[in-house]
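Both ligands and their constituent atoms are indexed starting at 1 by order of listing.
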Amino acid sequence: FKNPHYATGRTTMVHLFEWKWDDIAAECERFLGPRGFGGIQISPPNENLVIWSRNRPWWERYQPMSYRLVTRSGNEQQFANMVRRCNNVGVRIYVDAIINHMTGTWNENVGTGGSTANFGNWHYPAVPYGRNDFNWPHCVIQGHDYACCADRVRNCELSGLKDLNQRSEHVRTMIVNYMNRLIDMGVAGFRIDAAKHMWPSDLRVIYDRLRNLNTAHGFPSGARPYIYQEVIDLGGEAISRNEYTPLAAVTEFRFGMELSRAFTRGNQLRWLVNWGPQWGLLGSGDALTFIDNHDNQRGHGAGGNILTHKRPKEYKGAIAFMLAHPYGKPQLMSSFSFHDTEAGPPMDGSGNIISPSINSDNTCGNGWVCEHRWRQIFQMVAFRNTVGNTAVTNWWDNGGNQIAFCRGTMGFVAFNNENWDLNQRLQTCLPAGTYCDVISGEKSGNRCTGKSVVVGNDGRAQIVIGSHEYDMVLAIHMGHQV
Ligand SMILES: O=C(/C=C/c1ccc(O)c(O)c1)N[C@@H](Cc1ccc(O)cc1)C(=O)NCCCOc1c(-c2ccc(O)c(O)c2)oc2cc(O)cc(O)c2c1=O
Ligand SMILES: [Ca+2]
């Protein structure tokens, strides 16, 4: 359950938060496939409660009403079309699975597919679920429970969300049928939302009942779905992520917290020389890594001061380091603009999501940030694909906020977060030649639209990153010689 089953040579997934299925299919064909992205995490495809009283907040998609595939992103036919078209261009689909709970109690009670429910009686006829399928006696998780009481964190309600009993055979059957239907449609795996709130023993039973991936969509026979479990664990809680790593991969929230700190002015990039488990991070093969996600980019998630698209230079620096360093399996966030941390995606007067527009410079409009289309980010996805599993070698730093390292003989990257220029002759480990810096520009024909770097026969080159430049990174790798 720890292998994403990316197509050959691909390494990175992007969370297209709140995108519609038709738009995702188009993005696979026009951008993500050609640019070598490995996969996409999609928003929950199951029917959710429509919450107009909070003006369609982003978190309404985390209020399940049924496992019918009908949301503001599209219907079952559009979902199947998206999976087929993305798999056809080598881009995998990972589903955000909400199996810990059903809705909280709201005045509204109609779902995106028209289903209704009676929350007070724990009655969800569109699944169907009834009172016996939820944990009993009724209790709500309190703040101190996270530190003291693992059983309450699992068996009581998170934020008033009706807490399913995954020990019940009926509940297991409903969940497994939902996930197997998605596997048969060609998805490559799942994000397990709120995994910390479910017993590992129950999750193991559910995972073991999942079918192998569908070979008709290009997966090898016997391939198990990729599963990454959302476990927010910054230490100090009764529940540890180590209870979940024997089952499947785990979201490593410390990754984004520590890199955000390291790339925020006043800290030291040289500390990153031993980046990885020595920082208290999970084993590399267990870790789904990211800088920010849909939850903590709004500030109330784990880890305090997380870098997001709202601080572009530092954010691109941290993203470049995530993609240049071999640790973990990275996920990029692709957001819509927001001021109100509850706001949902751009929508018209009827509540329909507005599609991203694509500008002439290949950026997005209509309120979509599309970080994955920023040159400094998608070019580093190509860097990660090129360098494969080569090791970090020739680490250099200035004792402060200037660092550089090689990836085997395939790539070289340098960072300058000082408030003075980096101007050093450094070992790039690359064969002699002239390389285009993929951060400040790209290779166009036989010239570089940004910086070019001349590597001598000794592998050394003059590396310059001015402290006032638009970006703090320089990256060169095989395939971008002129
Ligand atoms: O802000 C939110 C939603 C946050 C959220 C949604 C999806 C996630 O994957 C997530 O990590 C957080 N929800 C709002 C609004 C809300 C939602 C439901 C409700 O009954 C009442 C209010 C909110 O204020 N929630 C309370 C604080 C956030 O507490 C939530 C967590 C959560 C936060 C910190 C943790 O350490 C943790 O283990 C879990 O996970 C969710 C998962 C869900 O599937 C649905 C949820 O409503 C939530 C969720 O409320
Ligand atoms: Ca639970």
Quiz item: Just one of K310, H294, E18, Q297 clears the side-chain hydrogen bond (donor to acceptor under 3.5 Å, both in side chains) bar with S335, so which one?
Solution: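 Among K310, H294, E18, Q297, the one that satisfies the side-chain hydrogen bond (donor to acceptor under 3.5 Å, both in side chains) with S335 is Q297.
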
Nearest to [atom] by heavy atom, [options]: which?
atom: atom 21 (C) of ligand 1; options: S159, G160, P64; value: S159
atom: atom 36 (O) of ligand 1; options: K196, E237, Q63; value: K196
atom: atom 37 (C) of ligand 1; options: E60, H294, H197; value: H197
atom: atom 3 (C) of ligand 1; options: W58, F119, Y62; value: W58
atom: atom 40 (O) of ligand 1; options: D295, I98, L158; value: L158

Quiz item: Hey, does the side chain of T251 reach the backbone of V231 with a donor-acceptor pair shorter than 3.5 angstrom?
Solution: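 Pair found, side chain donor or acceptor close to backbone of V231.
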
Has [X] got any heavy atom lying under 4.0 angstrom from an atom of ligand 1?
X: F253; answer: no
X: R54; answer: no
X: H101; answer: yes
X: R191; answer: yes

Quiz item: For the rings on W374 and H309, is their centre-to-centre separation under 6.0 Å?
Solution: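 Judged by ring-centre distance (under 6.0 Å), W374 and H309 do not meet the cut-off.
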
What are the atoms of ligand 1, with element, lying closer than 4.0 Å to any heavy atom of [X]?
X: I232; result: 35 (C), 36 (O)
X: E230; result: 9 (O), 10 (C), 11 (O)
X: L161; result: 45 (C), 46 (C), 47 (O)

Quiz item: Any N/O/S atom of E157 sitting less than 3.0 Å from the Ca ion (ligand 2), backbone or side chain?
Solution: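 No, since none of the N, O or S atoms of E157 sits under 3.0 Å from the Ca ion (ligand 2).
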
Quiz item: Is the number of heavy atoms from other residues, nucleotides or ligands within 6.0 Å of CG (D340) greater than 12?
Solution: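 Count over threshold, so yes.
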
Practice problem: Would you indicate whether N107, at its atom CG, is surrounded by more than 12 heavy atoms from other residues, nucleotides or ligands within a distance under 6.0 Å? | Solution: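 Atom CG in N107 is not crowded, with 12 or fewer foreign heavy atoms closer than 6.0 Å.
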
Quiz prompt | Geometry at the Ca ion (ligand 2) - N100 OD1 versus R154 O angle, rounded to 10 degrees | solution =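 Centred on the Ca ion (ligand 2), the O/OD1 angle is 160° (to 10°).
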
Quiz prompt | Among the N, O or S atoms of H197, the one nearest the Ca ion (ligand 2) | solution =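 Looking at H197, the N, O or S atom with the least distance to the Ca ion (ligand 2) is O.
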
Quiz item: Are H15 and F17 close enough, and set up right, to give a ring-ring contact (aromatic ring centres under 6.0 Å, His included), and what steps lead you there?
Solution: CA-CA 5 Å; H15 180 192; F17 184 57; 5.3 Å; yes

Considering distance alone, does some N or O of [X] sit under 3.5 Å from an N or O of ligand 1?
X: W59; answer: no
X: D193; answer: yes
X: W106; answer: no

Quiz item: Does a side chain donor of either Q331 or Y94 reach within less than 3.5 Å of an acceptor in the other side chain?
Solution: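 The criterion, which ignores hydrogens and geometry beyond distance, is not satisfied for Y94 and Q331.
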
Quiz item: Less than 4.0 Å between a side-chain N and a carboxylate O, is that true for D233 and K196?
Solution: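 Here K196 does not pair with D233 in a salt bridge, since their nearest N and O are not under 4.0 Å apart.
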
Quiz item: Salt bridge check: are E108 and R56 linked by an N-O gap of less than 4.0 Å?
Solution: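 Here E108 does not pair with R56 in a salt bridge, since their nearest N and O are not under 4.0 Å apart.
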
For [X] and [Y], take the angle between the two ring planes, folded into 0 to 90°, and tell me which bin it lands in: parallel under 30, tilted 30 to 60, perpendicular over 60.
X: F263; Y: F321; result: tilted
X: F255; Y: Y327; result: parallel
X: Y226; Y: Y228; result: tilted

Exercise. Give the contacting part of E342 toward ligand 1: side chain, backbone, both or neither, where contact means a heavy-atom distance below 4.0 Å.
Key: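 Contact part for E342 vs ligand 1: neither.
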
